[in-house]
Amino acid sequence: MIDIKFLRENPDVVRASQKGRGEDVSIVDKVIAIDEVRRAALEKFETLRAEQNLLSKSVGAAKGDEKAALLENAKELATKVKEADSKRAEVEEESKQLIMQLSNILDPAAPIGGEADFVVIEHVGTPRTFDFEPKDHVELGKLLGAIDTERGAKVAGSRSYYLTGVGAMLEFALVNYAISSALKAGFTPVIPPVLVNPAAMEGTGFLGQAAENVYHLEKDDVYLVGTSEVPLAAMHMDEVLPADKLPMRYAGYSSCFRREAGTYGKDTRGIIRVHQFDKVEMFSFCHPDQAQEEHKRLLQWEKDFLNAMEIPYRVIDVASGDLGSSANRKFDIEAWIPTQEAYREVTSTSNCTEFQARRLNIRFKDADGTKAVATLNGTLVAIPRMIVAILENHQNADGSVNVPAALQPFLGTERFELV
RNA sequence: GGAGGAUUCGCAUAGCGGCCGAGUGCGCACGCUUGGAAAGCGUGUAUAGGGCAACCUAUCGAGGGUUCAAAUCCCUCAUCCUCCGCCA
């Protein structure tokens, strides 16, 4: 949610931001208009209420005929107050609905444009040249007894899979490596709930445009999270965090559930795009002035992970039209996938500034008062895509796969052999 | 799933339909006292919104209702605790 005071004072900035995202600019003026109506309605109600409070007191003090007369007036006033109050509530709700439609204000540094208009910040590592025909992860997964998509489909439908044998072991190794490096970096490890209530989902902004990708359990009115960003962000909902504890960093490990509606025909092969996967997510609550630096740090931790996996990748600055509504800037890391001869997204980090915290009512207190914190998130490792990258990049001609040195202590082997 | 109890200002508690935005204790901050500290004494100590100054308004788990007036009465819901049942 945008700060209404900021919008009042800088409508042009908000207009430009909406335009840059390719979103509705006219909302800005609608918000300004309704905000005036809102304040007028509020003032009217408050004046009447003040009058009523006074009158009520004199009723209490009065006696006999005098009291009867006052009561007469008070009754009349009470209906007026009720009317003014419901008008106020109505306008406030309307105003809130409109404000909620506005996305976060873009970082001026974010590239403007659509999905294809990202800016490549850097390339790290060089895609390997194979002296044999590289196999894709589905084939390798079969040869190693690591991934079983056929049985996944049989049991759970399309975009489902089993990780078996070294596949399962690889997940444990990745998670262990991720959590132990997060610990070293000062994160608090967290295993969050993956079943959350509407307030948590709503507050983190996943019931907007992203709603169709969220699983909802109607009978109990709870949602399956698509990322542990949701329970991690909502963890401190309605709290005032101690300023001297910021930044507060959490590394959440959880399953993630995504309906993947509207992706028919996209990445149908293998485990690049699936309905359920596990992920270690970094989440940071920090001082708004620190948000940009924190964002760089999250990106660095993501790079460290890719480096440790010895996988070539590039970092992109995601364009305005492709940002989530909460993010003011987003960096994606894309790993080189040999059989696709392309870089594919494996991690992503967003700076949500105070946008998300304002919705969730997460604040901190310092000398100037109580203000919204900034929230940032970043993927440390999303298991299936990392498995794809590791298998494909480190394969040998016979289908065996070399284990990156960083993972060897967790796996007790240097190489995955065919089964 | 059933039966009871609870939910008040950081914590613990008091609270009669109007004198309650709310008392007390602890904690915290500042001051006095002291060589210094403790104790003691004094003062202060929620959040949000509107004017942005005085001030006003809202908030006693949430949402409704009764009333001129609700922390206080009624209804619905949520959470926690105890007991019973069921499942592990």
Side-chain angles (χ1 to χ4, degrees), chain A residues 1-11 31-100 102 192-193 195-203 207 216-223 230-231 234-246 248 285 288 354-373:
Chain A
M1 191 164 77
I2 273 192
D3 182 2
I4 181 68
K5 282 184 184 159
F6 179 87
L7 185 144
R8 251 184 243 152
E9 284 157 26
N10 310 276
V31 167
I32 292 172
I34 190 101
D35 184 51
E36 263 172 53
V37 177
R38 189 198 116 239
R39 275 145 74 200
L42 182 62
E43 212 164 315
K44 186 173 176 198
F45 161 73
E46 287 187 349
T47 314
L48 280 170
R49 178 61 126 207
E51 213 177 303
Q52 188 192 25
N53 285 345
L54 272 174
L55 189 53
S56 272
K57 272 183 193 165
S58 57
V59 169
K63 294 223 168 101
D65 286 352
E66 195 191 348
K67 185 160 184 170
L70 284 174
L71 266 177
E72 202 65 19
N73 287 340
K75 270 185 195 166
E76 239 173 80
L77 191 52
T79 39
K80 276 195 208 161
V81 169
K82 234 168 227 177
E83 271 167 36
D85 191 29
S86 59
K87 176 76 187 164
R88 175 202 59 84
E90 190 185 307
V91 176
E92 269 179 3
E93 181 57 28
E94 210 176 315
S95 157
K96 196 182 159 197
Q97 287 304 324
L98 266 176
I99 293 169
M100 294 285 251
L102 290 168
L195 224 39
V196 302
N197 62 26
M201 216 61 191
E202 175 84 59
L207 292 187
H216 181 218
L217 282 72
E218 220 164 286
K219 204 168 176 185
D220 301 284
D221 197 20
V222 289
Y223 295 88
V230 174
M235 185 157 71
H236 290 302
M237 181 161 56
D238 296 319
E239 290 181 28
V240 177
L241 306 177
D244 60 345
K245 289 271 165 58
L246 300 178
M248 287 167 73
F285 298 89
E354 298 105 296
F355 188 84
Q356 205 172 43
R358 223 172 268 123
R359 280 182 166 216
L360 289 166
N361 190 28
I362 305 172
R363 296 165 298 166
F364 71 100
K365 198 185 238 173
D366 69 5
D368 308 332
T370 315
K371 291 171 294 190
V373 298

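Letters A, B, ... mirror the listed sequences (proteins, then strands); counts begin at 1.
- Across the protein-nucleic acid pair, A:K57 atom NZ and B:C68 atom C1' stand 14 Å apart, rounded to whole Å.
- A:R49 has no side-chain polar atom (N or O) that falls below the 4.0 Å cut-off from OP1 or OP2 of B:C56.
- B:A78 and B:A62: their C1' atoms are spaced 7 Å apart (whole Å).
- Comparing B:A71 with B:U57, their P atoms are spaced 14 Å from each other, to the whole Å.
- To the nearest whole angstrom, the two P atoms, one in B:G42 and one in B:C52, are 40 Å apart.
- For the segment residues 81-89 of chain A, residues with any heavy atom less than 4.0 angstrom from an atom of RNA chain B are, sorted by number, A:K82.
- Per the geometry, CZ belonging to A:F364 stands 16 Å off C1' belonging to B:U47, to the nearest Å.
- As the counterpart of B:G36, no nucleotide is assigned, since no Watson-Crick or G-U wobble pattern has both distances under 3.5 Å.
- The phosphate of B:G51 has OP1 or OP2 within less than 4.0 Å of a side-chain N or O from A:R39.
- Taking the six-membered ring where tryptophan is involved, the planes of A:H216 and A:Y223 are essentially parallel, since the angle between them stays under 30° and well short of 60°.
- Across all strands shown, B:G44 forms a Watson-Crick or G-U wobble pair with B:C28, both key distances being under 3.5 Å.
- When side chains are defined from C-beta on, A:Q52 does not count as touching A:L48, because their heavy atoms never get closer than 4.5 Å.
- Of the listed nucleotides (B:A48, B:C68, B:G49), B:A48 has the atom at the smallest distance from the side chain of A:R363.
- In terms of phosphate contacts, A:K75 brings a side-chain nitrogen or oxygen within less than 4.0 Å of OP1 or OP2 of B:C68.
- For B:A69, the OP1/OP2 oxygens have a side-chain nitrogen or oxygen of A:Q52 closer than 4.0 Å.
- Between A:R358 and B:A48 there is no side-chain polar atom (N or O) within less than 4.0 angstrom of OP1 or OP2.
- Atom name P, nucleotides B:A37 and B:G31: the rounded distance is 11 Å, in whole Å.
- Nearest approach of A:R359 to A:E202, heavy atoms of both residues: NH1-O, 2.6 Å.
- Residue contacts for A:L55: at a heavy-atom cut-off of 4.0 Å it reaches no nucleic acid atom on any strand shown.
- Taking a pair to require two hydrogen-bonding distances under 3.5 Å in either a Watson-Crick or a G-U wobble arrangement, B:C16 remains unpaired.
- Comparing atom distances between the A:T370 side chain and each of B:G51, B:C56, B:A48 picks out B:A48 as nearest.
- Heavy atoms only, all atoms of each residue included: A:D238 and A:I362 are closest at N-CG1, 4.5 Å.
- Atom CG in A:D238 sits about 12 Å away from atom C1' in B:G61, given to the nearest Å.
- Here, B:G21 and B:A14 have their C1' atoms 15 Å apart, quoted to the whole Å.
- Remark: P of B:U57 and NZ of A:K44 are 18 Å apart, rounded to the nearest angstrom.
- For A:N73, no side-chain nitrogen or oxygen approaches OP1 or OP2 of B:C68 to under 4.0 Å.
- The base-pairing partner of B:U72, taking Watson-Crick or G-U wobble contacts with both distances under 3.5 Å, does not exist among the strands shown.
- Nearest heavy atom pair, residue A:I32 against residue A:P11, reads CD1-CB, 3.7 Å.
- For A:M237 and B:A78, the CE to C1' distance is 13 Å, given to the nearest whole Å.
- Here the C1' atom of nucleotide B:A46 and the CD atom of A:E239 are 16 Å apart, to the nearest Å.
- In terms of polar N and O atoms assigned as donor or acceptor, the side chain of A:E46 comes within less than 3.5 Å of the base of B:G49 in a complementary pairing.
- For the C1' atom pair drawn from B:G10 and B:G4, the interatomic distance equals 31 Å after rounding to whole Å.
- Per the geometry, CZ belonging to A:F45 stands 16 Å off C1' belonging to B:G51, to the nearest Å.
- Residue A:V196 comes nearest to A:P193 through the heavy atom pair CG1-O, 4.1 Å, listed as atom of the first residue, atom of the second, then distance.
- Summarising the base pairing, B:C52 is matched to no nucleotide, lacking a Watson-Crick or G-U wobble pair whose two defining distances lie under 3.5 Å.
- In this structure B:C83 sits in a base pair with B:G2, meeting the Watson-Crick or G-U test at under 3.5 Å.
- For the pair A:L48 CG and B:C68 P, the interatomic distance rounds to 17 Å; values are reported in whole Å.
- Remark: A:N53 is in phosphate contact with B:A58, judged by side-chain N or O atoms under 4.0 Å from OP1 or OP2.
- Nearest-nucleotide mapping onto RNA chain B: of A:E43 and A:A50, the residue sitting toward the 5' end is A:E43.
- Taking the salt bridge (Lys or Arg N to Asp or Glu O under 4.0 Å) definition, one finds that A:D35 meets it with A:R8, A:R38, A:R39, sequence neighbours left out.
- The main-chain N or O of A:V91 is never found under 3.5 Å from a side-chain atom of A:S95 such that the two would form a donor-acceptor pair.
- Partners of A:D85 under the salt bridge (Lys or Arg N to Asp or Glu O under 4.0 Å) rule, at least two apart in sequence or in another chain, are A:R88.
- Of all heavy-atom pairs spanning A:M248 and A:L241, the tightest one is SD-CD1, 3.9 Å.
- For B:U7, the paired base is B:A78 (Watson-Crick or G-U wobble, both distances below 3.5 Å).
- Between B:C26 and B:C19, the two P atoms lie 27 Å apart (nearest whole Å).
- One P atom belongs to B:C55, the other to B:A22, and the distance between them is 14 Å to the nearest Å.
- In this structure, B:G21 makes no Watson-Crick or G-U wobble pair, since no nucleotide meets both defining distances under 3.5 angstrom.
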